[in-house]
There are 2 protein chains.
Amino acid sequence: MDLATFQATIRDTYGERDRQRGVDATFGWFVEEVGELSRAIRRQGHDERVHEFSDVLAWLVSLADQCDVDLAEAAERYADGCPRCHAVPCQCGPSRPG
Amino acid sequence: MDLATFQATIRDTYGERDRQRGVDATFGWFVEEVGELSRAIRRQGHDERVHEFSDVLAWLVSLADQCDVDLAEAAERYADGCPRCHAVPCQCGPSRPG
């Protein structure tokens, strides 16, 4: 699954309605899905988790697209390992870049 | 950017520490990054937004990996458009699958 292709598909599928809704409302939908993911992780099984991870990713991509962010380009920051210590595995200690 | 490759890189970079931390703590880190993304969208510029989208994606991938979820496989649910109405663009009306 190519991330740029995925973003284009999400844009073609939901982009017009997402733009009408606006960034704040889209962020609200995204966070609602994060809540559903929490429930799936805590109280449900593998199939429900896969379902909720896909929804969270789809809403994250919708949000990125509305913010004119190319998520594949953003992901390049991690493509060679840790963006802070540049090591694989990361040698930053208990924290992680954020 | 291939999503399966990205998940493998995140696993190689952070997987051992993520497993030691556990799913609940990883979820907490993920949500902290969601908060930082909210701030970047509301009050910061393009570069900060790209940075925060990359962090949210990296933590989502870490969380999926700990839950034995292949995020690329999960994303396939949206590969042909809306998983509910199977149309591009989606014809579901104001809501969206979730």
Side-chain angles (χ1 to χ4, degrees), chain A residues 1-6 9-10 12-17 21 23-24 27 29-34 36-38 41-42 46 49-60 62-64 67-83 87-90 94 96-98, chain B residues 1-6 9-10 12-17 21 23-24 27 29-34 36-38 41-42 46 49-60 62-64 67-83 87-90 94 96-98:
Chain A
M1 171 64 70
D2 178 69
L3 199 47
T5 306
F6 187 72
T9 301
I10 292 291
D12 291 345
T13 307
Y14 301 113
E16 187 178 338
R17 201 182 318 150
R21 187 191 309 109
V23 171
D24 285 346
F27 193 86
W29 278 90
F30 166 65
V31 169
E32 182 174 326
E33 292 301 330
V34 169
E36 292 183 14
L37 175 61
S38 176
I41 290 172
R42 290 175 177 277
H46 182 75
R49 290 173 190 171
V50 171
H51 183 114
E52 298 303 339
F53 271 107
S54 78
D55 287 341
V56 169
L57 179 66
W59 280 102
L60 181 66
S62 277
L63 192 61
C67 294
D68 296 319
V69 168
D70 179 333
L71 202 58
E73 186 187 318
E76 288 292 338
R77 192 165 155 256
Y78 284 89
D80 298 320
C82 178
V88 179
C90 169
R96 222 169 101 164
Chain B
M1 170 64 70
D2 178 69
L3 199 48
T5 305
F6 187 73
T9 301
I10 292 291
D12 291 344
T13 306
Y14 301 113
E16 188 177 339
R17 201 182 320 149
R21 186 191 309 109
V23 171
D24 285 345
F27 192 87
W29 278 90
F30 165 66
V31 169
E32 182 174 327
E33 293 299 332
V34 170
E36 293 184 13
L37 175 61
S38 176
I41 290 173
R42 290 175 177 276
H46 182 74
R49 290 173 190 172
V50 171
H51 183 114
E52 297 305 337
F53 271 107
S54 79
D55 287 340
V56 169
L57 179 65
W59 279 103
L60 182 66
S62 277
L63 192 60
C67 293
D68 297 320
V69 168
D70 179 333
L71 203 56
E73 186 187 318
E76 289 291 339
R77 191 166 155 257
Y78 283 89
D80 298 320
C82 177
V88 179
C90 168
R96 223 170 100 165

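Keep in mind it's a predicted model, so treat the numbers as computed, not measured. In what follows, chains carry the letters A, B, and so on, assigned in the order in which the sequence lines appear, proteins first and then strands, with residues in each chain numbered from 1.
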Check each atom of [X] against the heavy atoms of chain A and say whether the ones under 4.5 Å are side chain, backbone, both or neither.
{"X": "B:V50", "answer": "both"}
{"X": "B:D24", "answer": "side chain"}
{"X": "B:E16", "answer": "neither"}
{"X": "B:I10", "answer": "side chain"}
{"X": "B:S38", "answer": "both"}
{"X": "B:F6", "answer": "side chain"}

CZ-CG distance between A:F27 and B:L37, expressed to the nearest 0.5 angstrom: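 The distance works out to 5.5 Å.
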Interatomic spacing from CG in B:L60 to CG in A:L60 - rounded to 0.5 Å: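 CG of A:L60 is found 7.0 Å from CG of B:L60.
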A:I41 versus chain B, the contacting section by heavy-atom distance below 4.5 Å: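 Just its side chain gets close to chain B.
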Side chain / backbone / both / neither for A:V34 at chain B, heavy atoms under 4.5 Å: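 The answer is both parts of A:V34.
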Most chain B-contacting option - heavy-atom pairs closer than 4.5 Å, from A:A87, A:A74, A:C90: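 Max contact count across the listed options: A:C90.
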Salt bridge (Lys or Arg N to Asp or Glu O under 4.0 Å) partners for B:R21, two or more places apart: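 Per chain and number, B:R21 pairs via salt bridge (Lys or Arg N to Asp or Glu O under 4.0 Å) with B:D18.
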All salt bridge (Lys or Arg N to Asp or Glu O under 4.0 Å) counterparts of B:D68, not counting sequence neighbours: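 B:D68 satisfies salt bridge (Lys or Arg N to Asp or Glu O under 4.0 Å) with no residue once adjacent residues are dropped.
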Of all of [options], which one pairs up most often with chain A through heavy atoms under 4.5 Å apart?
{"options": "B:P89, B:S54, B:A64, B:A58", "answer": "B:S54"}
{"options": "B:G81, B:A72, B:C82, B:A79", "answer": "B:C82"}
{"options": "B:T5, B:L63, B:V31", "answer": "B:L63"}
{"options": "B:V23, B:V56, B:L57", "answer": "B:L57"}
{"options": "B:E73, B:E76, B:E32", "answer": "B:E76"}

Close side-chain approach of B:R77 to A:D55, heavy-atom, < 4.5 Å: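 Result yes, sub-4.5 Å side-chain heavy-atom pair found.
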Side-chain heavy atoms of A:D80 within contact of B:T9, under 4.5 Å: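 Not touching, per the 4.5 Å side-chain cut-off.
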